[in-house]
Each structure stands twice: as C-alpha cells, then as structure tokens.
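Here the structure is laid out as structure tokens; the discussion comes afterwards.
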Amino acid sequence: MKKVFVFLLLFFGLAANAIVIKGGIHYTVETARQEAFSKVKYSIPMDEHKKYLSDPGFSKDKNGKTKIRKFGRDVTFFSDGSYGVYNSNKKISYYYNNNGKLEEISYTFGDIYPKLTVKYNIDGKLNAVTYEIQKGESYMYDANKRFMGHWVDKNCYDSNGDIILMRK
C-alpha cells in the first residue's frame with residue numbers, strides 16, 4: 001500500500017511540475033514560397049469584375065483634385081499614389097492606380113493565419129501571390145515565383161532589407 005501511495009504521489013507530483021513547450025512555425029522566403037504556390041489558380045474569369053475597371057468611388061472636384069470616396073469602403077493608400085479597396089464580404093480587393101483605373105484584383109483565402117492572397121491583372125492572369133504568416137507580416141512573390149518583398153507592419157522590404165513600399 002505504501003508503494004502505491006508513493007508511486008501515485010511521485011506520478012502526480014511530477015506531472016504537476018511539467019513544463020509546457022510552446023512552438024510555432026518559422027517561415028523563410030523559400031518555405032513561404034512553397035506554401036503559397038501550392039494552392040494557386042493561374043487565371044480567373046473576368047466577367048464579374050468588368051464593372052470595376054474604373055473605381056466607382058473615384059472622382060475629381062472642379063479644381064481637378066482627386067477625390068476617393070471612403071465612406072462604406074475599406075480603402076488603403078500606398079506611397080506611390082495607388083490605392084486598394086477591400087470588400088470584406090467577398091474577400092476581394094481591387095487595386096487602382098492614382099487615376100482610378102483598375103490594375104489588379106486580389107482574392108484572400110483563409111480566416112486564420114497563415115492566409116493566402118492571390119493577385120490577378122486586368123486580363124485575369126496571375127500577377128502576384130502574398131503569403132501572410134501573421135498579422136502585419138507577409139511574403140510577396142511574382143507569377144514566376146520570384147521574391148518581390150517582405151511586408152513587416154507598414155513597410156515592405158526587398159531581399160537586401162531596403163524599404164521599397166510603405167502603407168499609410
């Protein structure tokens with residue numbers, strides 16, 4: 001009986017002192033590339049997007065100053081003058097140049113991280129792939145799987161660590 005009691009005491013005592021090991025997945029440019037391109041369609045039909053070839057929220061005032069409607073829209077402006085409009089219901093973003101003309105369409109897949117965003121040009125051909133590994137950090141690749149940049153928060157870095165684009 002004493003042996004059983006000592007065994008149970010040691011067993012539960014050691015179990016209570018166990019260390020919880022937390023882990024995660026660490027991505028490199030190459031591992032993120034492999035994951036990103038494993039689920040990509042290389043072209044999409046453009047019929048449903050024809051009405052967005054020009055941004056319906058883009059206009060110019062009487063002085064020629066650009067006005068972009070933000071009310072009821074999730075708009076992100078970029079340092080090069082372009083901007084994106086995100087539709088959260090469909091998980092689609094439309095990217096426009098500084099004249100309100102459509103340049104790219106993107107689809108986001110996944111509700112939890114990692115998330116995949118695939119961008120297509122106005123002809124429906126694959127343009128770029130972004131693999132978002134956590135909030136504020138993602139890797140970008142072109143259609144030929146070449147590394148384009150690494151977003152960390154509001155800055156995008158090239159392979160040399162230089163800032164190439166910023167979000168506002």
**Asked** For the residue pair F147 and Y139, does the interplanar ring angle fall in the parallel (under 30°), tilted (30 to 60°) or perpendicular (over 60°) class?
**Response** tilted
**Prompt:** Under the 6.0 Å and 45° cation-pi test, does K39 pair with F109?
**Reply:** no
**Request:** Please name the pair of heavy atoms, one in R167 and one in D153, separated by the smallest distance, quoted to 0.1 Å.
**Result:** NH2-O, 3.1 Å
**Asked** Y96 versus L102: any side-chain heavy-atom pair under 4.5 Å?
**Response** yes
**Result of checking M140, K115, M148 against T130 for side chain to side chain contact (heavy atoms under 4.5 Å, CB included)** = M140
**Geometric class of the F78/W151 ring pair [parallel <30°, tilted 30-60°, perpendicular >60°]** = tilted
**Prompt:** Where does the angle between the aromatic ring planes of Y141 and F37 fall among parallel (under 30°), tilted (30 to 60°) and perpendicular (over 60°)?
**Reply:** perpendicular
**Item:** Which residues share a ring-ring contact (aromatic ring centres under 6.0 Å, His included) with Y52, sequence neighbours left out
**Value:** Y94
**Asked** Are the side chain of R33 and the backbone N or O of T28 linked by a donor-acceptor pair below 3.5 Å?
**Response** no
**Fill in**
What one should report as the nearest heavy-atom pair of N87 and N89 is OD1-N, 3.0 Å
**Fill in**
dist N97:CG -> D80:CG (nearest 0.5 Å) comes out at 9.5 Å
**Message:** If the threshold is 4.0 Å, N to carboxylate O, is there a salt bridge linking D142 and R146?
**Reply:** yes
